Amino acid sequence: MRGKKAKKRDIIPDPKFSSVTVAKLINHIMSRGKKSVAQKIIYQAFDIISQKTSKNPLDIFDLALKNVGPDVEVRTKRVGGANYQIPFPVRGDRKLTLSLRWIIGAAKTKKGQPMAEKLASELMAAANEEGAAIKKKEEVFKSAQANKAFAHFAR
């Protein structure tokens, strides 16, 4: 590894909920530097969630992140000319990043609705332990279980 490791930057909490995790969601949704558009999408999605469920949207968002966050993932490692998929435990910050990425990816694959509605439905589905993001978590877990025999290659 060359040079120094990049320092972690402090993320400023979002203006409405003053939550760092919501700010990270906004940053993941944002494209081409248009943060106000991303904030509008997120806040509309949270309004849709509060209308449909009559619960606090932050609670549903946190529950969805907790349900989607993986415990184990596989990483490729080259050992003696062969590539192995080795299961590794997922640490906290990466768990959050993966769960945000999977929820947004699942919302983007849906067709025919505005992004706020797609995101709201995916967050509600993930909070109920269903939907495409939960399916992705289960696929990663099955892959890790299938490659458990190679866990001794992990350091």
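Because the structure is predicted, anything quoted here is derived from the model rather than measured. Residue numbers run from 1 in the order of the sequence given.
- One distance of note links CZ of F88 with CG of N147; it measures 12.0 Å at 0.5 Å rounding.
- Residues V68 and L96 fall within the same hydrophobic cluster, defined by Ile, Leu, Val, Met, Phe, Trp and Tyr side chains chained together at heavy-atom separations under 4.5 Å.
- By the neighbour-count criterion of 12 heavy atoms within 6.0 Å, atom CG of N83 is densely surrounded, having more than that number from other residues, nucleotides or ligands.
- Between the CD1 atom of I26 and the CG atom of L100 there is a distance of 11.0 Å, given to the nearest 0.5 Å.
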**Item:** side chain to side chain donor-acceptor pair (under 3.5 Å) between S121 and K110, intermediate numbers included
**Value:** CA-CA 10 Å; S121 66; K110 294 181 180 180; 2.8 Å; yes

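- Using a 4.5 Å heavy-atom cutoff, the side chains of T97 and R101 are in contact.
- Using a 4.5 Å cut-off on side-chain heavy atoms (C-beta onward), I103 and L123 make contact.
- When all heavy atoms of F150 and Q85 are compared, the closest pair comes out as CD1-O, 3.9 Å.
- Nearest heavy atoms, K52 versus M124: CD-CE, 3.6 Å.
- D14 contributes no side-chain N or O that, together with a main-chain N or O of V22, makes up a donor-acceptor pair within less than 3.5 Å.
- By the 4.5 Å heavy-atom criterion applied to side chains, K95 and P70 are counted as neighbours.
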**Prompt:** Can W102 and V140 be said to form a side chain to side chain contact (heavy atoms under 4.5 Å, CB included), step by step?
**Reply:** CA-CA 11 Å; W102 292 347; V140 169; 3.8 Å; yes

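- Note on L119 and M30: separate hydrophobic clusters, where clusters join Ile, Leu, Val, Met, Phe, Trp and Tyr whose side-chain heavy atoms are under 4.5 Å apart, directly or indirectly.
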**Request:** Take D59 and F61 through the side chain to side chain contact (heavy atoms under 4.5 Å, CB included) test and state the conclusion after the steps.
**Result:** CA-CA 5 Å; D59 294 339; F61 174 62; over 6 Å; no

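- Both I49 and I104 belong to a common hydrophobic cluster when Ile, Leu, Val, Met, Phe, Trp and Tyr are linked at side-chain heavy-atom distances under 4.5 angstrom.
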**Message:** Please evaluate residues I42 and Q39 with respect to the criterion side chain to side chain contact (heavy atoms under 4.5 Å, CB included), reporting the C-alpha separation (whole Å), side-chain torsions for both, the decisive distance (0.1 Å), and the verdict.
**Reply:** CA-CA 5 Å; I42 304 281; Q39 283 177 339; 5.8 Å; no

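- Looking at every heavy atom in both residues, G131 comes nearest to A125 through CA-CB, 4.2 Å.
- Of all non-hydrogen atoms in A116 and A45, the two that sit nearest each other are O-CB, 3.4 Å.
- For R94 and E73, the salt-bridge test passes: some basic side-chain N is under 4.0 Å from an acidic carboxylate O.
- Using bins of under 30°, 30° to 60° and over 60° for the plane-to-plane angle, the ring pair F153/Y84 lands in the parallel bin.
- Residues L58 and I29 share a single hydrophobic cluster, defined by chaining ILVMFWY side chains whose heavy atoms lie under 4.5 Å apart.
- In F141, the CZ atom is not crowded: 12 or fewer heavy atoms of neighbouring residues, nucleotides or ligands sit closer than 6.0 Å.
- For the pair E129 (side chain) and I134 (backbone), a donor-acceptor distance under 3.5 Å is absent.
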**Request:** Show the numbers, then the answer: is there a side chain to side chain contact (heavy atoms under 4.5 Å, CB included) between Q44 and E117?
**Result:** CA-CA 8 Å; Q44 285 175 357; E117 290 180 21; over 6 Å; no

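- Minimum heavy-atom separation, P13 to S18: CB-C, 3.7 Å.
- When all heavy atoms of A151 and I86 are compared, the closest pair comes out as CA-CG2, 4.3 Å.
- E139 has no carboxylate O lying under 4.0 Å from a charged side-chain N of K137, or vice versa, which leaves the two without a salt bridge.
- In this structure, a donor-acceptor pair under 3.5 Å is present between the side chains of Q145 and K148.
- Applying the salt bridge (charged side-chain N to carboxylate O under 4.0 Å, His left out) test to pairs two or more places apart or on separate chains, those with a residue in residues 17-44 are K24-D93.
- Side-chain contact check for V90 versus V72: every heavy-atom pair is 4.5 Å or farther apart.
- One distance of note links CD of Q51 with CG of D47; it measures 6.5 Å at 0.5 Å rounding.
- Residues I60 and L65 share a single hydrophobic cluster, defined by chaining ILVMFWY side chains whose heavy atoms lie under 4.5 Å apart.
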